[in-house]
Amino acid sequence: MSTLNILLAGFGGQGILFLGKMAAYAGLMDNRQITWLPSYGPEMRGGTANCSVCISDDLIGSPLVINPDILVAMNLPSLEKFIDKVVPGGTVLVDCSIIDKKVHREDINVFYVPATRLAADNGLPGLANMIMLGKMLKETKFCTENALEEALLKCVPPRKADMMELNRKALKIGSEL
Amino acid sequence: MSTLNILLAGFGGQGILFLGKMAAYAGLMDNRQITWLPSYGPEMRGGTANCSVCISDDLIGSPLVINPDILVAMNLPSLEKFIDKVVPGGTVLVDCSIIDKKVHREDINVFYVPATRLAADNGLPGLANMIMLGKMLKETKFCTENALEEALLKCVPPRKADMMELNRKALKIGSEL
Amino acid sequence: MAVVFQKPQALLDVPFTYCPGCTHGIIHRLVAETIDELGIEGHTVGVAPVGCSVMNYNFFACDMVQAPHGRAPAVATGLKRAIPENIVFTYQGDGDLAAIGTAETVHAAVRGENITVVFVNNAIYGMTGGQMAPTSLPNQVTQTTPYGRDTSYSGHPIRVCEMLATLEGTALAQRVSVDNVKNVQNAKKAIKKAFTYQIEKRGFSIVEVLSTCPTNWGLDAQESLQWLRDNMIPYYPLGVYKDVGGTTK
Amino acid sequence: MAVVFQKPQALLDVPFTYCPGCTHGIIHRLVAETIDELGIEGHTVGVAPVGCSVMNYNFFACDMVQAPHGRAPAVATGLKRAIPENIVFTYQGDGDLAAIGTAETVHAAVRGENITVVFVNNAIYGMTGGQMAPTSLPNQVTQTTPYGRDTSYSGHPIRVCEMLATLEGTALAQRVSVDNVKNVQNAKKAIKKAFTYQIEKRGFSIVEVLSTCPTNWGLDAQESLQWLRDNMIPYYPLGVYKDVGGTTK
Amino acid sequence: MAKAIIDETKCKGCGLCVAACPRKILVLSPDKINSKGYRPAQVVDQSKCTGCASCAIMCPDVAITVER
Amino acid sequence: MAKAIIDETKCKGCGLCVAACPRKILVLSPDKINSKGYRPAQVVDQSKCTGCASCAIMCPDVAITVER
Amino acid sequence: MAKVLMKGNEALAEAAIMAGCRHFFGYPITPQTELAAYMAKKMPKIGGVYLQAESEIAAINMVLGASAAGKRAMTSSSSPGISLKSEGISYIAGSDLPAVIVNVQRGGPGLGGIQPSQADYWQATRATGHGDFHLMVYAPSTVQEMTDLVALAFDNADKYRMPVMILSDGMLGQMMEPVELKTANATDCPIEKPWAACGHRNSRPHNVINSLYLTPQALEELVKKRYEKYEVIKKEEQMADEYLTDDADIILVAYGASSRICRTAVNTARKEGIKAGLIRPITLWPYPAKYIEKHIAHAKAFLCVEMSMGQMVDDVRLCVNGRKPVAFYGRTGGIIPAPDEVLNEIRKLTGGVK
Amino acid sequence: MAKVLMKGNEALAEAAIMAGCRHFFGYPITPQTELAAYMAKKMPKIGGVYLQAESEIAAINMVLGASAAGKRAMTSSSSPGISLKSEGISYIAGSDLPAVIVNVQRGGPGLGGIQPSQADYWQATRATGHGDFHLMVYAPSTVQEMTDLVALAFDNADKYRMPVMILSDGMLGQMMEPVELKTANATDCPIEKPWAACGHRNSRPHNVINSLYLTPQALEELVKKRYEKYEVIKKEEQMADEYLTDDADIILVAYGASSRICRTAVNTARKEGIKAGLIRPITLWPYPAKYIEKHIAHAKAFLCVEMSMGQMVDDVRLCVNGRKPVAFYGRTGGIIPAPDEVLNEIRKLTGGVK
Ligand SMILES: Cc1ncc(C[n+]2csc(CCOP(=O)(O)OP(=O)(O)O)c2C)c(N)n1
Ligand SMILES: Cc1ncc(C[n+]2csc(CCOP(=O)(O)OP(=O)(O)O)c2C)c(N)n1
Ligand code: SF4
Ligand code: SF4
Ligand code: SF4
Ligand code: SF4
Ligand code: SF4
Ligand code: SF4
Ligand SMILES: [Mg+2]
Ligand SMILES: [Mg+2]
C-alpha cells in the first residue's frame with residue numbers, strides 16, 4: 001500500500017495540529033487521499049497534543065497512525081512515547097532545541113532540528129512547526145513543493161496575509177537545513 | 001378445563017374490587033387456584049370499575065376474563081359492555097335496582113337482584129355487593145359456603161368486627177333470594 | 001335576553017374527563033376564555049403535560065402537543081423558537097412542573113423563554129393515584145406518605161413562584177386560586193396578563209393556580225375548596241411574586 | 001522551625017490534573033483542610049461530578065463515588081440515607097450543578113438533605129472545551145456563544161445561591177471566591193461551616209466558590225483572577241444568602 | 001329576568017354551583033341520574049336568578065350557560 | 001526566619017504564588033523546565049520570607065510548604 | 001407460612017424487604033404504584049428508607065449512592081421511567097455495583113398506554129443504556145415468582161456485582177394470586193462488600209466507585225473482565241421452565257404474562273391431539289439457550305409468543321440458528337393475547353392437525 | 001464545489017444546514033462538541049436557531065417541539081447523552097415526528113471513556129427507549145458520508161415521519177478528510193406537513209401531536225400501522241457498500257470506523273491470496289440483509305468486526321441463519337482495531353492459507 005503514515009507530537013501550543021493540517025492539505029493538493037486525526041479530549045489538558053496524518057493513493061483505512069513512517073517529535077514525552085513505534089526505515093524529526101536526548105535506534109533516519117531556537121533566532125515565534133515541516137519536506141518528499149505552497153494558501157486565512165510570508169520563511173529555513 | 005371465569009363490573013364505590021377479592025379468597029379457601037385482576041389506571045376515574053376473578057383446579061393462564069361464565073353487573077354501562085361476552089350457558093346477575101333494562105339473550109341464565117335497594121332497606125348501606133355475592137353463591141355454587149365464611153374472615157380486618165356481622169347478613173339476604 | 005356566560009370557543013365541545021368537582025376544569029376554561037378574548041386561537045399552540053390534564057389536547061381548540069412528563073417547557077421552547085410569532089403555553093401539574101420538570105422549568109425561566117406556563121398546583125400526583133408531590137403540605141397524608149408528609153424526612157413543600165421570582169428571565173410569577181368566584185376572576189386576570197406579556201415579548205410568565213383533587217384528597221368537591229383555603233393558601237400565599245410590568249409582592 | 005503550611009492529609013499525594021493556575025486546586029485543598037480539621041476523613045464520602053474535577057476521586061483521601069453528570073446530589077442522597085452517620089459532600093461544577101443537575105440540586109435542597117455541596121462556578125464548561133454554562137456572563141465569548149452570550153437569546157446567568165435561599169430546606173447558602181488570600185481564607189471558613197452544619201444535622205448546605213478557567217477563558221492564571229474580580233463578583237455578589245445559624249445577606 | 005341553563009349531560013353533580021349561587025336556587029337532582037351516573041344540578045326557582053353567573057364561574061365542567 | 005519550600009515537580013508555573021507574595025521574593029524560573037514542561041517557581045531571597053504563607057494559600061497545586 | 005392473596009406489585013415489595021432491601025427510591029408511575037406505596041408504608045416501620053425522588057433519574061442515582069455505600073438498594077418504574085434510568089443503569093453496570101431494578105412494563109412507545117406489555121425486552125436484554133454491558137434479567141410469570149425472583153435478584157446482584165432487572169408487566173403487577181412468602185434475610189448487607197464507599201474509618205485505603213477510564217486499554221481490560229463474568233453467568237444462571245416439551249412437535253417460547261396464555265393454549269392443543277409444549281424463559285439474560293437447544297432435534301417448529309411486535313424471537317432464532325423454523329405471534333399496545341389466538345397459530349403451524 | 005478539509009463533526013453540521021436544518025438543540029459532550037460549536041457559529045448568521053439546552057433531555061424535547069411545529073430539527077450527543085435522550089426519542093417515534101439525532105459514540109458503559117466506540121449499536125437499532133418502534137440508522141464511514149447521509153436522514157425523516165439516527169463515532173467526528181458539500185436545500189421545510197402543530201390559523205381543525213392511546217386496541221392499531229411502514233422501509237431503504245465480495249470466500253461485515261480498518265485488512269489478505277471481501281452496512285436499521293443474502297451461497301464464512309464486544313454480529317447471524325459460520329472480532333473501550341489484528345482473524349478463519 002502506498003500509504004504514508006505521519007505522526008506529529010508535542011506540547012499543546014506548539015502548533016502540532018496546524019502542522020498536521022498543512023501536511024494533510026499538501027497531500028490533498030497533490031490529489032491524493034488524506035486523513036487527519038488529532039488526539040482529543042482532556043488528555044490535551046495534560047499538555048501533550050498529537051495528530052495522525054495519512055497520505056495515500058488509495059482509500060485510507062484507519063486514520064490512526066500507530067506505526068508512523070514519519071515521526072515529528074517536538075517534546076521529550078512524545079519522543080519517548082512514539083520512538084519505538086516508528087517503522088524500520090522510517091524518518092524521525094526531533095526538535096533538538098527542546099529535546100536533548102538522542103535516539104538510539106539504528107534502523108531509522110533521525111534528523112535533529114533545532115526548530116524552536118531557529119524560530120526564535122529568526123523572529124518567527126511560534127513557527128517552529130513550519131520549520132519542522134520544511135525539513136520534513138526536504139527529507140521525505142512527502143508532497144510536491146507546489147502542494148505545500150497551495151496548502152499554505154488554504155490554511156492561512158486571507159486576512160492574515162502577513163502571516164503568510166512568515167510561514168513561507170519558516171518553511172524555507174526548514175527545507176534548507 | 002375446569003376454570004370458572006367471573007367478571008364483576010360497576011361504578012367505583014360499589015365495592016366491586018372487594019366483591020372480587022371475596023370471591024377469590026373463597027376459591028382459595030376451597031384449595032383451588034385463583035387469580036384476581038382489576039381494571040386499573042385512569043379509566044377508573046371515568047367512574048367504572050371492573051375486576052376479573054378466575055377459579056380453577058389447574059394453573060390459570062390469563063387472569064383477564066374476556067368471556068365470563070359469571071357476570072355480575074352493577075350498572076348499565078357495564079351490563080351493556082359485557083353482556084354479549086358471556087359464554088352460552090353462563091350466569092348473569094343484574095342489580096335491577098340500578099339497571100332497569102332487561103337482558104335479551106336466551107342462552108344464558110339471568111337473575112335480577114335488587115341488591116342496592118335491598119341493602120338500603122335492610123340498613124346495609126354499601127353492601128349491595130355482598131348481597132350479589134350471596135346470590136351468586138346460591139345460583140352458581142362457585143365455592144363452598146364454608147369457604148365464603150372463611151373468606152370473610154380474611155377480607156374483613158379483625159378491628160372491623162362489627163362489619164363482619166353486617167356482611168354476613170348481606171350474604172344471607174342474597175343467598176336466600 | 002343575552003348570553004352572559006357560555007363555553008368559550010377555544011374549548012372544543014368535548015366533555016372533560018376529570019373527576020366531579022376537580023378544578024382542572026375551571027382552569028381550562030380560564031385559559032380558553034383568555035385565548036378567545038385575545039383572539040389568538042389560530043396562532044396558539046398548547047403543550048399538554050403528563051398528569052390528569054394529559055388529554056387536554058382533546059379539549060383545547062388550538063393546536064396541541066403532548067410532552068413527556070416534566071418536559072413541557074422544553075417542548076414549548078422548541079415550538080416557540082421554531083415559530084416565534086406563535087403563542088405557546090404549557091399547562092402543567094405540580095408533579096410535572098415542580099418535580100421531574102424542575103430543570104426544564106427553571107431554565108425556561110433562566111432563558112426568559114417567551115412562553116406562558118399555567119401551573120396547576122393541587123399538592124398531589126393526581127393521575128397516578130395520589131402520591132406525595134413536592135408541593136404536598138406538611139403532614140399531608142398521601143399514598144406515599146401514609147403517615148403524613150414528614151418534613152424532616154421528605155422536606156418542605158416547594159414554593160415555585162418564590163423560587164422563580166429570583167430569576168431575571170421571569171417576567172411574571174403570580175399565584176392565584178380558584179376556590180371562590182372572586183379568586184377565579186383574579187386567576188383569569190393573571191392568566192390573561194401572562195398571555196399578554198408573551199404577546200408583548202416580555203419573557204417567561206408563570207401563573208400558579210392552587211387547585212383541588214377531590215378524589216385523592218378523599219374529600220367532596222366543596223370540602224376540597226375549603227381544604228385548599230384552610231391549608232394551601234396559608235402555605236402558598238396568593239400574590240404577585242414578580243412582575244416586570246408592575247408591582248411585586 | 002515549625003511547618004505552618006503543608007498539604008492536608010485528606011489530599012492524597014497525587015498531582016492534580018488541572019491546567020496551570022486553575023483554582024479547582026485551591027478549592028480541593030480547602031475541602032481537604034476542612035476534613036483534616038474536623039477529623040472526619042474516616043467517615044466522609046465524597047461525590048465526584050462530571051467536569052474537570054471528575055477525577056477528584058484520585059485526589060481526596062476519603063472514600064469517593066463518581067456520579068453521572070449532574071446527579072451528584074442524588075448519589076449523595078443515596079449515600080447519606082444509607083449511612084446517615086457518614087459525612088457526605090459533593091463537589092460540582094456549574095454545568096454539572098446548575099444546568100443538567102438543576103432538578104437534583106433544587107430537590108436536595110427542598111428535602112433539606114443533610115449533605116454539603118461545594119459548587120465551583122467558573123462560568124464555563126471547562127472539561128468539554130469551553131462552552132457556555134448557565135452561569136456564563138452576559139456577552140461572554142465561549143465556544144457556543146462565539147459572538148458573546150446574548151442574554152435576550154440565551155438568558156441571563158443563573159444565581160444559584162439566591163435561588164436556593166428561597167427553599168426552606170437550605171441551611172446555608174453562601175458565595176465565596178478564591179481570587180486572593182483573604183477570599184481564600186473566607187472560602188475556607190464557609191466550607192468548614194457547611195461541613196459543620198452537616199455534622200450538626202442542620203440540612204442542606206451549599207458553598208458557591210467563584211473559580212477560574214484560564215484555559216477556556218483564554219487568559220493566564222493571574223489575568224483570570226482579575227477577570228473573576230472584574231466580571232464575576234459584580235454579577236455574583238459574595239455573601240451569605242441563607243444561614244439558619246446566623247445572619248443572612 | 002335571568003336564566004341559568006344547566007347541560008345535564010355534562011354535569012357531574014359536584015355541587016360547586018349549588019354552593020356558589022348567592023340566591024340558593026340550585027340543588028342536585030334528588031332523583032334523576034344522568035347517563036354518566038351523576039345527579040345533575042337543577043334550578044329550583046328560575047325566577048329568582050339574577051344572572052350573576054357565579055354558578056357558571058365555579059362549574060368545572062362548563063355545564064352552565066347564563067342568560068340575562 | 002521563615003521558609004517557603006516549593007516542590008518543583010508539582011509546580012505548573014502558573015505564577016499565582018509570585019503575584020501573591022507580599023515580599024516579592026518569588027519568580028518563575030527563567031531557565032529551568034520541569035518534567036512536566038513548566039518553569040517552576042523559585043524563591044529568590046529566602047531571607048526575606050516572613051512565612052506568611054500567602055504563596056501557599058494561592059498555589060492551586062499544593063506545591064508549597066511553609067515553615068516558620 | 002400460609003398463602004395470602006397479594007397483588008404482584010405488593011408481593012414483590014414485601015419479598016424485597018424480606019430479602020434485606022432497606023433502601024428503596026422511587027417515582028410514581030402506573031402500573032407500578034402499589035409497589036412504591038407498599039414500601040412507603042412498610043419501610044418507616046422497620047427502619048428502612050423509602051424515599052420518593054424528584055424523578056426516575058434521581059431515583060436510580062440514589063440507588064447508585066446507596067449501593068455504593070454497600071446497601072441492598074432497589075428502584076421500580078414502568079417503561080418510560082426505565083428509559084430515563086438508562087444512563088444511570090449504565091453507570092451502575094460500569095461501576096460494578098449491585099442493584100435491583102423493576103420494570104412493570106406498559107405499552108409504548110412514548111407515553112403509550114398503561115396496559116401490560118412486553119415491548120421493553122430488547123431494552124432490558126441488550127441496551128438499558130449505552131455501551132457494552134448486560135443486566136441479569138428475570139421474568140416472573142406468577143405473583144409467587146414475583147417474590148421468589150426478587151430474592152434471587154438481590155443475591156445475584158451482590159454475587160456478581162451487577163444490576164439485575166425484574167422484567168414484569170402491568171398484568172403481573174396488578175393481579176392478585178395466592179402467594180407464600182419465603183423466609184427472610186436477617187440483614188440488608190448479607191455479604192461482605194470490602195469495595196463499598198462507606199467511609200474508610202481510617203483502617204483501609206480509600207475506596208473509589210467509578211466508571212471512568214480515560215485510557216482505552218484500561219477500559220477495554222475492565223469490560224473484557226466483565227464479559228468473562230458474563231460467560232460464567234451464561235453457564236451458571238440460565239433458568240427456564242418446561243411444560244410438555246419432551247415429546248413436543250411444536251414448542252412455544254414465551255415468558256411472563258404471555259407464557260400463561262401459552263400454557264392454556266398448549267393444553268387445548270394437546271386436547272386436539274397436537275403435540276405442543278412450552279419453554280418459559282425465566283432468565284431473559286442470560287438467555288436460557290440450553291433449554292431450547294435440548295429440543296431442537298425433535299421439535300418440528302418453534303413459536304415465540306410475545307406481547308410485542310417481536311423482540312425475544314430474535315433470541316430464539318439465534319439459538320435455533322436455522323435448524324428449525326421459528327414463527328412469531330404477538331400482540332402489542334397493552335393487549336393480552338387470548339389463548340385462542342395462540343391456539344390458532346399453533347394450528348396454522350401444524351397444518352391444523354397433529 | 002472543490003473539496004475542502006473538514007472535521008467530520010463540522011462537515012456533518014454544515015451538511016445539515018445545507019439540508020435545510022435551521023433548528024439545532026444541543027448539550028456539550030466530547031467527542032461531538034465541534035458539531036454544536038459549528039452550529040453556534042453558523043446559525044445566527046443564517047437566521048437559524050442554535051440553542052444550548054440545559055441537558056440532553058431538554059435538547060431532545062426541544063427537537064420534539066420544533067419538529068412538531070413542522071421544522072427540520074436536529075440534536076447531537078455522544079453515548080451517555082443518547083441514553084438520556086431515549087425517553088424523548090421514544091416519544092418522537094410514538095408521535096410520528098421526524099427528527100435527526102446524531103450519536104458520536106464513545107466508549108462505555110457509564111462515563112466510560114471518550115475515545116471512539118461502536119458499543120451503542122443495540123441501543124440504536126433495537127432500543128433507543130421503551131416500546132415497539134425503530135429509528136432509521138445510518139452509519140457513515142467517511143467524512144464525505146457524514147455529509148451525504150445527513151441529507152438523506154432529513155429527507156427520510158420527513159418522508160416516513162420518524163426519527164433517524166446518524167450513528168457515528170469519535171474517530172469520524174474528530175478526523176478531517178476532504179469533503180465535497182452537495183447542493184443545498186432551499187428551505188427548512190421542503191415538504192408539506194399538514195399534520196404540524198404550527199397554529200391552525202382558523203383554517204383547519206386543530207392538529208394534535210401525541211403518543212398517548214389509553215385504549216390498547218387504538219395503540220395496537222397505530223403501532224401495527226407503523227410496522228407496516230417499517231416493512232416498506234426494510235424493502236426500500238437498505239443500503240450497503242460491497243468491496244471485492246463477488247468471489248469472496250470470507251466476507252467481512254463491518255460498518256463505520258471499523259469498516260475502514262477491514263478494507264485495509266481485506267486488501268492485505270488479497271495480497272496473501274486469501275479471497276476476502278467486505279460488506280459495509282450503511283443502514284443499520286433497516287439492516288441490509290439482502291446484501292448479505294446474495295453472498296451466503298458462495299461465501300465460506302462471515303467475519304463481523306466491531307468496536308464493541310459483539311452487537312451487530314447478532315444481525316449478521318440472524319441473516320445468515322446458520323447457513324454459514326459467522327465469526328466475530330471486536331475491540332472495545334475506545335480502541336480502534338489495527339488492520340493486522342483483523343488480518344489475523346481472517347487468516348485463522350481460512351486456516352492461514354487461501
Ligand atoms: C417519565 C414518567 N414518569 C412518571 C410517569 C407517571 N405519571 C403520570 S402523571 C404523573 C404525575 C401527575 O401529577 P401532577 O403533575 O401533579 O398532575 P395532576 O395529575 O395532579 O394534575 C406521573 C408521575 C410518566 N408518565 N412518565
Ligand atoms: C450526560 C452527559 N452529558 C454531557 C457530558 C459531557 N460533559 C462532561 S463535563 C461537562 C461540563 C463540565 O462543566 P462544569 O460542570 O462547569 O465543570 P468544569 O469542567 O467547568 O469544572 C459536560 C457537559 C457527559 N459526560 N455526560
Ligand atoms: S384525580 Fe384529582 S386532579 Fe385528577 S381529575 Fe381527579 S380530582 Fe382532578
Ligand atoms: S479546563 Fe478550565 S476548569 Fe478545567 S482544569 Fe483547565 S483551567 Fe481548570
Ligand atoms: S346565575 Fe347567579 S343567581 Fe342564577 S343560578 Fe347562577 S349563581 Fe344563582
Ligand atoms: S358545578 Fe357544574 S358539574 Fe358541578 S353540579 Fe353544578 S352544573 Fe354540575
Ligand atoms: S511565605 Fe509569604 S513571604 Fe514567604 S514566600 Fe510565601 S508569600 Fe512570600
Ligand atoms: S502557585 Fe504553585 S503551581 Fe503556581 S507557580 Fe507557584 S508554586 Fe508553581
Ligand atoms: Mg398535581
Ligand atoms: Mg464550569
Side-chain angles (χ1 to χ4, degrees), chain C residues 1-33 36 52-53 59-61 120 122 177-189 209 211-215 219-226 228-229, chain E:
Chain C
M1 243 173 17
V3 172
V4 294
F5 191 102
Q6 63 183 343
K7 182 187 78 56
Q9 299 281 322
L11 279 183
L12 295 169
D13 202 7
V14 173
F16 291 149
T17 41
Y18 303 105
C19 304
C22 172
T23 45
H24 263 305
I26 299 179
I27 304 164
H28 279 38
R29 199 191 68 229
L30 299 183
V31 171
E33 284 174 2
D36 278 9
C52 277
S53 52
F59 307 142
F60 289 114
V120 179
N122 60 6
S177 167
V178 289
D179 63 303
N180 63 37
V181 172
K182 196 173 126 274
N183 278 342
V184 171
Q185 284 164 330
N186 278 339
K188 165 74 177 299
K189 275 185 219 146
V209 189
S211 185
T212 65
C213 178
T215 299
L219 301 172
D220 74 23
Q222 194 56 37
E223 290 164 354
S224 292
L225 294 183
Q226 194 58 44
L228 185 162
R229 274 190 289 272
Chain E
M1 207 199 79
K3 221 160 110 183
I5 308 146
I6 297 168
D7 181 342
E8 295 194 352
T9 64
K10 279 190 178 169
C11 175
K12 289 182 187 148
C14 70
L16 291 188
C17 55
V18 175
C21 174
R23 306 305 301 263
K24 303 283 166 228
I25 57 176
L26 299 176
V27 293
L28 295 187
S29 168
D31 41 15
K32 215 185 292 175
I33 290 187
N34 70 9
S35 61
K36 284 182 189 147
Y38 301 119
R39 300 188 185 282
Q42 291 175 337
V43 188
V44 284
D45 188 350
Q46 194 70 263
S47 68
K48 285 197 188 148
C49 178
T50 62
C52 70
S54 296
C55 54
I57 287 168
M58 290 308 293
C59 175
D61 284 279
V62 207
I64 307 181
T65 306
V66 182
E67 297 179 1
R68 195 167 55 202

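Chain naming here is simple, since letters A, B, ... match the order of the sequence lines and numbering starts at 1 in each. Note that the coordinates shown come from a computational prediction; the quantities given were computed from them, not determined experimentally.
Atom SG in E:Cys52 sits 11.0 Å away from atom CZ in C:Phe5 (nearest 0.5 Å).
Within the 4.5 angstrom heavy-atom criterion, no atom of C:Ile27 approaches chain E. In this structure, the portion of E:Ile64 lying under 4.5 Å from any heavy atom of chain C is its backbone and not its side chain.
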Let's go through C:Leu225 and E:Leu16 carefully: what are the C-alpha distance in whole Å and the side-chain angles of both, what is the deciding distance for side-chain contact (heavy atoms from CB on, under 4.5 Å) to 0.1 Å, and is it a yes or a no?
CA-CA 9 Å; C:Leu225 294 183; E:Leu16 291 188; 3.6 Å; yes
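Across all non-hydrogen atoms, the minimal contact from E:Ile57 to C:Ile26 is O-CG2, 4.0 Å. Closest approach of C:Gly21 to E:Cys14, counting heavy atoms only: N-CB, 3.2 Å. The nearest pair of heavy atoms linking E:Gly51 to C:Val4 is O-CG2, 4.0 Å.
With respect to chain C, the highest number of heavy-atom pairs below 4.5 Å among E:Cys11, E:Ala56, E:Ala53 belongs to E:Ala56.
By the side chain to side chain contact (heavy atoms under 4.5 Å, CB included) test, C:Ala187 pairs with C:Leu30, C:Val176, C:Val178, sequence neighbours left out.
Side-chain contact between C:Pro8 and E:Val62 is present, with at least one heavy-atom pair separated by less than 4.5 Å.
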Extract the chain E to chain C donor-acceptor pairs under 3.5 Å, no hydrogen or angle test applied.
residue	atom	partner	partner atom	Å
E:Lys10	NZ	C:Asp13	OD1	3.3
E:Lys12	NZ	C:Phe16	O	2.9
E:Lys12	NZ	C:Tyr18	O	2.6
E:Ala56	O	C:Arg29	NH1	3.1
E:Ile57	O	C:Arg29	NH1	3.1
E:Ile57	O	C:Arg29	NH2	2.9
E:Cys59	O	C:Arg29	NH1	3.3
E:Val66	N	C:Phe5	O	2.8
E:Val66	O	C:Val4	N	2.7
E:Val66	O	C:Phe5	N	3.1
E:Arg68	N	C:Ala2	O	2.7
E:Arg68	O	C:Ala2	N	2.7

